[in-house]
Amino acid sequence: MTTDGIPELWLRLPGATAQLPSLMEWLRHEDGLRGRVRAVHSPPAAGEMGGALDVLAVAVGSGGAGAVLANCLSTWIAQRRSDLRITLSARDGRTIEVDAKGVDPQALVRDIERLLNAPGTEPDR
């Protein structure tokens with residue numbers, strides 16, 4: 001899950017995919033993520049014109065983009081009224097799930113840093 005060698009995290013909203021366009025717009029308006037967010041559509045089913053929006057891919061290679069993503073997600077989640085879970089996945093299949101109830105931005109930053117670094121390595125400081 002990389003774009004031109006830049007690590008990506010994939011964001012899914014299990015059971016709430018209708019909110020993905022809202023999240024995509026929210027992330028795209030964040031200066032630190034501008035140009036780093038893309039929609040990933042599933043292949044179209046028979047008789048469909050196009051595939052559904054399933055995943056958002058966010059390039060989070062360097063420059064603190066992981067922390068920007070975590071803070072942006074925390075704010076977006078806090079403004080949702082429904083029960084919501086976000087699944088973030090790294091290229092090696094490791095995932096974290098974020099619950100909309102009581103999300104901790106600092107813990108989310110640490111979790112995203114862990115996803116961005118290979119297992120057994122420490123985040124760059």
Side-chain angles (χ1 to χ4, degrees):
M1 288 184 220
T2 63
T3 302
D4 298 326
I6 298 171
E8 285 184 334
L9 291 180
W10 283 24
L11 284 66
R12 290 179 176 82
L13 297 174
T17 56
Q19 292 199 41
L20 274 173
S22 169
L23 177 57
M24 182 171 63
E25 286 304 308
W26 184 268
L27 296 175
R28 284 183 169 172
H29 283 94
E30 176 61 43
D31 287 339
L33 297 176
R34 193 161 288 139
R36 296 176 177 255
V37 180
R38 66 183 177 89
V40 179
H41 297 271
S42 62
E48 291 182 344
M49 295 290 286
L53 175 59
D54 286 335
V55 175
L56 298 180
V58 182
V60 289
S62 62
V68 172
L69 175 61
N71 289 322
C72 200
L73 279 176
S74 297
T75 303
W76 185 81
I77 289 169
Q79 296 181 6
R80 303 299 98 173
R81 293 192 177 163
S82 62
D83 291 340
L84 182 71
R85 294 190 74 72
I86 297 177
T87 302
L88 293 99
S89 304
R91 69 183 174 276
D92 62 4
R94 291 176 298 133
T95 63
I96 59 169
E97 287 192 5
V98 179
D99 192 337
K101 295 178 183 174
V103 65
D104 176 0
Q106 288 84 18
L108 187 53
V109 168
R110 288 189 302 272
D111 289 342
I112 288 175
E113 285 178 350
R114 278 193 289 272
L115 281 178
L116 292 174
N117 291 286
T121 63
E122 290 299 314
D124 294 335
R125 301 222 187 259

Would you check if Leu73 and Leu23 make a side-chain contact, meaning some heavy-atom pair closer than 4.5 Å?
yes
State, yes or no, whether a side-chain contact exists between Pro14 and Thr87 at a heavy-atom distance under 4.5 Å.
yes
Looking at residues at least two apart in the chain, or sitting in another chain, which of them share a salt bridge (Lys or Arg N to Asp or Glu O under 4.0 Å) with Glu25?
none
Counterpart residues, side chain to side chain contact (heavy atoms under 4.5 Å, CB included), relative to Val37 (two or more places apart)
Met24, Leu27, Arg28, Leu33, Val58
Give, for atom [atom1] of [X] and atom [atom2] of [Y], the distance between the pair rounded to the nearest 0.5 Å.
X      : Y      : atom1 : atom2 : result
Asp54  : Leu13  : CG    : CG    : 11.0 Å
Trp10  : Leu56  : CH2   : CG    : 11.0 Å
Asp111 : Arg94  : CG    : CZ    : 11.0 Å
Ser74  : Gln79  : OG    : CD    : 11.5 Å
Ile96  : Leu108 : CD1   : CG    : 5.5 Å
Leu88  : Leu11  : CG    : CG    : 4.5 Å

Taking all non-hydrogen atoms of both residues, which atom of [X] and which atom of [Y] are closest, and how far apart?
X     : Y     : result
Thr95 : Ser89 : CG2-OG, 3.2 Å
Leu9  : Ala90 : CD2-CA, 4.0 Å
Ala65 : Ala59 : CB-O, 4.3 Å

Any carboxylate oxygen within less than 4.0 angstrom of a Lys/Arg side-chain nitrogen, looking at Arg38 and Glu8?
yes
Trp26 backbone acceptor or donor facing Trp76 side chain under 3.5 Å
no
Could you tell me whether a side-chain N or O of Thr75 sits under 3.5 Å from a main-chain N or O of Asn71, the two making a donor and an acceptor?
yes
Linking I/L/V/M/F/W/Y whenever any side-chain heavy atoms sit under 4.5 Å apart, do Ile86 and Leu115 land together?
yes
Side chain to side chain contact (heavy atoms under 4.5 Å, CB included) between Glu30 and Val68, worked out
CA-CA 8 Å; Glu30 176 61 43; Val68 172; 3.5 Å; yes
